[in-house]
Amino acid sequence: MSFSGKILDWYHINKRSLPWRKTTDPYKIWLSEIILQQTRVAQGTPYYLSFVDNFPSVHDLANANEEQVLKLWQGLGYYSRARNLHAAAKMVVNEYGGVFPDNYKKLLTLKGVGDYTASAISSICFNEPQAVVDGNVYRVLARYYGIDIPINSTEGIKYFKALAEKVMDPVEIRDYNQGIMEFGAIQCSPKKPLCLLCPLNDSCVGLEKGLVDQLPFKLKKTKVRNRYFNYLIPIYKDMDGAQFTSLKQRKGKGIWQNLWEFPLLESKEILEIDDITIRYKEALGDMESVELLEYNDNAIVHKLSHQHLHTKFWIVNTENDFDGKISIKKLTEFPVPVLIADFIKAFKF
DNA sequence: AAGCCGGGGCC
DNA sequence: GGCCCAGGCTT
């Protein structure tokens, strides 16, 4: 039997019951695909259910505020996905008359939809013969055909896309695409693949050559950058005893774009209390009637894939009213990075 | 072509 | 501590 035939047979026996497998509605399939980019099924599933619940149609999503979308996305990471998701929903409504694009080429025009996602949606929803190439497919093909071209090189990307197209089943593409990805997730897994029980173990080049645990081959990743974050948490009580603090929205290029955080002093090294006092005066003004308290002695190291954020929080009790203060009661309404959410949860305001 | 963009789970 | 995850965008 052919490679694709065995994948299809395996899939029909072993496929998991997942929420997005109960529909071919392109809106829902698109939601699931964006959420699952670089994200495990276990982590993405509750977010998928939440988005479908809060935004049953593409119109609901398009009509939402970006703030609401980011809040629902909070904790999932790669927040450009959420911003692009919202922008794409508006594109569907405004440029496609509210009808989701029904082919690969049109899907590619949507923000946040690249080759993989356009192939996935067009094949799953419309059975269009487009081969998906995600992390699972790279692994399955690299092992089965014994290919050691780096999957994160220009040559590798082209090679594996062409190979995927060559070995796909264009007629049953809907199940074949989902099948090879599911096969990579369950059977041909990154660690400890189940080769002994694999339906392809009599013809797998990687297995025959003992290269399974070395494939797929990948070029070394970039190294981690250390950054030093000092968050100032102003706390102000009005005459009624209500508490207020301050959040700023991150703008510009880098991490956490459009999310909110406490006033931040970034430095070359972790700052001590004297430094904070000086920088506070420079940034926020008078220190009169201000009490500065160190929240955490040792810096909290928040790890992103490419940055380590060495973070200290400083409590600033102040008797001075300030502009733009927000009520503590509304603190949890803002979309914030996990680093900030964890602090808000742990700190007793 | 290379960098950037999160957070979590597993080893 | 390193790797990987139903990748895409920017430079």
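Naming convention: chains lettered A, B, ... in sequence-line order (proteins, then strands); numbering from 1 in each chain. Computed from a predicted structure; not experimentally measured.
- Residues A:Ser32 and A:Tyr27 have side chains that never bring a donor and an acceptor to within less than 3.5 angstrom of each other.
- Here the closest non-hydrogen pair linking A:Ile124 and A:Arg174 is O-NE, 2.7 Å.
- Proximity of a side-chain donor or acceptor of A:Arg83 to a complementary backbone N or O of A:Glu66 within less than 3.5 Å is not detected.
- Formation of a donor-acceptor pair under 3.5 Å by the A:Arg250 side chain with backbone atoms of A:Asn258 is not found in this model.
- At a non-hydrogen distance threshold of 4.0 Å, A:Trp20, A:Arg21 from residues 9-28 of chain A come into contact with DNA chain C.
- Remark: P of B:dG6 and CG of A:Asp342 are 16 Å apart, rounded to the nearest angstrom.
- Of all the heavy atoms in A:Ile255 and A:Gln307, the pair that sits closest is CG2-NE2, 3.7 Å.
- Going from atom CD of A:Gln38 over to atom C1' of B:dC5 covers 10 Å, rounded to whole Å.
- Using a 4.0 Å cut-off on heavy atoms, the residues of residues 113-127 of chain A that approach DNA chain C are A:Val113, A:Gly114, A:Asp115, A:Tyr116, A:Thr117, listed by number.
- Sequence order on DNA chain B of the closest nucleotides to A:Asn152 and A:Leu339 puts A:Asn152 first from the 5' end.
- For an aromatic pair to be called close, the ring centres must be under 6.0 Å apart, and A:Phe262 with A:Phe343 satisfies this.
- Under a 3.5 Å cut-off, the side chain of A:Tyr295 and the backbone N or O of A:Leu232 do not form any donor-acceptor pair.
- No side-chain donor from either of A:Ser267 and A:Arg279 sits under 3.5 Å from a side-chain acceptor of the other.
- Protein chain A contacts DNA chain C from C:dG1 to C:dT11, reading 5' to 3' and using non-hydrogen atoms of the protein with a distance under 4.0 Å.
- Side-chain N/O atoms of A:Thr117 and A:Gln37 include a donor and acceptor closer than 3.5 Å.
- A:Tyr176 has its side chain within reach of A:Ile7: a pair of non-hydrogen atoms, C-beta onward, lies under 4.5 Å apart.
- Between the C1' atoms of C:dC5 and B:dC5, the separation comes to 14 Å (whole Å).
- For the segment residues 170-181 of chain A, the set of residues with a heavy atom within less than 4.0 Å of an atom of DNA chain C comprises A:Met181, in numerical order.
- Side chains of A:Asn103 and A:Ser122: a donor-acceptor N/O pair is absent below 3.5 angstrom, by distance only.
- Atom name C1', nucleotides B:dC11 and C:dA6: the rounded distance is 22 Å, in whole Å.
- Computed from coordinates, the A:Gln37 CD to B:dG7 C1' distance equals 15 Å when rounded to whole Å.
- DNA chain B is contacted by A:His302, A:Leu304, A:Ser305, A:His306, A:Gln307 of residues 296-312 of chain A, taking any non-hydrogen atom closer than 4.0 Å.
- Between A:Tyr236 and A:Asn320 there is no side-chain heavy-atom pair separated by less than 4.5 Å.
- Side-chain contact annotation: A:Trp10 with A:Gln187, donor-acceptor N/O pair under 3.5 Å present.
- Between A:Trp30 and A:Phe100, the distance separating the two ring centers is shorter than 6.0 angstrom.
- With P as the reference atom, B:dG8 and C:dG8 are 23 Å apart, rounded to whole Å.
- A:Tyr231 places none of its side-chain heavy atoms less than 4.5 Å from the side chain of A:Pro263.
- A:Val137 comes within contact range of no nucleotide atom at all, as no heavy-atom separation falls under 4.0 Å.
- Taking the side chain as every heavy atom from C-beta outward, A:Ile180 and A:Asn136 never approach each other to under 4.5 Å.
- When each of A:Glu182 and A:Lys253 is assigned the nucleotide of DNA chain C with its nearest heavy atom, A:Glu182 is the one assigned upstream, toward the 5' end.
- Contact record, A:Ala118 with A:Val113: N-CG1, 3.6 Å, taken as the closest heavy-atom pair.
- In this structure, a donor-acceptor pair under 3.5 Å is present between the side chains of A:Tyr144 and A:Ser203.
- B:dC5 atom P lies 17 Å from atom CH2 of A:Trp73, rounded to whole Å.
- Contacts of A:Lys220 with the nucleic acid, taken as non-hydrogen atoms under 4.0 Å apart, involve only primed sugar atoms and P, OP1 or OP2.
- Distance A:Leu76 CG to B:dG9 C1': 14 Å, rounded to the nearest Å.
- Using modelled atom types and a 3.5 Å distance limit, the side chains of A:Tyr138 and A:Asn152 yield no donor-acceptor pair.
- Scanning residues 78-86 of chain A for heavy-atom distances under 4.0 Å to DNA chain B yields A:Tyr78, A:Tyr79, A:Arg81.
- Heavy atoms of A:Gly254 sit under 4.0 angstrom from primed sugar atoms or phosphate atoms, though from no base atom.
- Projected onto DNA chain B by closest heavy-atom contact, A:Gln257 and A:Leu219 fall at different nucleotides, the more 5' of which corresponds to A:Leu219.
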